[in-house]
Amino acid sequence: MENLEEKIVQADSLETLEKVRVELFGKKGFIATEFAKMKEVPGPKKKAYAEGLNKRKASLQRSFDARFKLLKAQEVERLLKREAIDVSLYGSQGQKGALHPVMETMDKIIDYFVALNFAVEQGPMVEDDFHNFEALNLPKYHPARDMQDTFYFNDASLLRTHTSPVQIRTMMERKPPIRMIAPGTVFRRDYDLTHTPMFHQVEGLVVDAKDKVSFANLKSILTDFLQYMFGEVEVRFRPSFFPFTEPSAEVDISCIFCEGEGCRVCSHTGWLEVLGCGIVDPNVFKSVGYEDVSGYAFGLGVERFAMLMHKIPDLRSLFEGDIRLLEQFR
Ligand code: DAH
């Protein structure tokens, strides 16, 4: 009888202990066999026999449970040691990413116009001659096409040189009134300090009944927008030319580097040109079948804004992916 307790204590793994359990408490184990002997025990002694056996069983069960607890704890300990690297834990020195300054600037621009109820429209980067030029009052062989050095696939399709074609697509899809911006990627054959072959623009267009749109509206919204982007700057509108607007203007802000004193960045003029705008040319409305409406439009380069806001001297550095530049915008 003694060695039963010992068997339990000597079991050095959960597996051996399980074998001992079967030996003791299993269907054909010690306890079951002993109970089976009851029928041979003479009547008067049956009760005492049963009582003794039940005690024995309980005591064995206690020893077994204690051993099981111990072995289980040891096993958990061993597992914990073996799996000391918890791959489900979060790392502690993970690096935070950040928006690229161009995207951050784009978001800031979009936020402004969305707050004023402008819809955000998109169009394809691979455009056709009609949407990119023709419908915007740039007929074939028009000299102004040279302003936009174009990547052509063939005579019919090209990489859009501006986001203005989204104006055309939106007007052809919808009826006036229209109040939209079109942020997007554009392409031109250009590469120097201030030009990259791929860059981003935001186009804006408002079309409504003739008495509801004026140059004064355009002026006030763009002045407010530029002060939201650049802070307390002066804003001036300078007559200019774009084929899709008449009259047209280029918009300058007072130089944020020298506050209008004149410096290298503003070519000693005290002003920085930041966008183009104007009253939509009637020929543009004609090409999309609009009648009896008026509208204003504007277009800006997002990289130029980002460069000025962050004082980045070389546009190309925005696209070289140098982590040291990007880390400054975290
Ligand atoms: N599309 C012009 C460009 O790429 C920018 C522009 C100027 C857009 C004046 C306009 C506008 O809508 O009215 O240079």
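Numbering of residues begins at 1 and proceeds along the displayed sequence. Every number for a ligand or one of its atoms is a count from 1 in the order of the listing.
For atom 2 (C) of ligand 1, the nearest non-hydrogen atom from the set Phe298, Phe244, Tyr296, Phe199 belongs to Phe244. Of the candidates Arg188, Glu203, Glu250, the one placing a heavy atom closest to atom 3 (C) of ligand 1 is Arg188.
Taking 4.0 Å as the cut-off between side-chain N and carboxylate O, Lys37 and Glu34 count as a salt-bridged pair. Under the 4.0 Å criterion applied to side-chain N and carboxylate O atoms, Lys140 and Asp129 are assigned as salt-bridge partners. With respect to Arg174 and Glu121, a salt bridge is recorded, a charged nitrogen being found less than 4.0 Å from a carboxylate O. Using a 4.0 Å cut-off between charged nitrogen and carboxylate oxygen, Arg169 and Glu127 count as a salt-bridge pair.
Near Gln167, with a cut-off below 4.0 Å to any heavy atom, the atoms of ligand 1 are 12 (O). Set against the non-hydrogen atoms of Ser164, the atoms of ligand 1 under 4.0 Å away are 1 (N), 8 (C). Taking every non-hydrogen atom of Ala297 and a distance limit under 4.0 Å, the qualifying atoms of ligand 1 come out as 12 (O), 13 (O). For ligand 1 and Gly278, the ligand atoms under 4.0 Å from any heavy atom of the residue are 13 (O). Numbered from 1 in the order shown, with element, the atoms of ligand 1 that lie under 4.0 Å from a heavy atom of Cys277 read 9 (C), 11 (C), 13 (O). Within the listing of ligand 1, atoms 3 (C), 4 (O) sit less than 4.0 angstrom from a heavy atom of Gln201.
The distance from atom CZ of Phe215 to atom CG of Asn217, rounded to the nearest 0.5 Å, is 11.0 Å. With values rounded to the nearest 0.5 angstrom, Leu275 atom CG is found 10.5 Å from Met229 atom CE.
Among all heavy-atom pairs drawn from Phe130 and Met172, the shortest one is CE2-SD, 3.9 Å.
Ligand 1 has no nitrogen or oxygen under 3.5 angstrom from a nitrogen or oxygen of Thr161.
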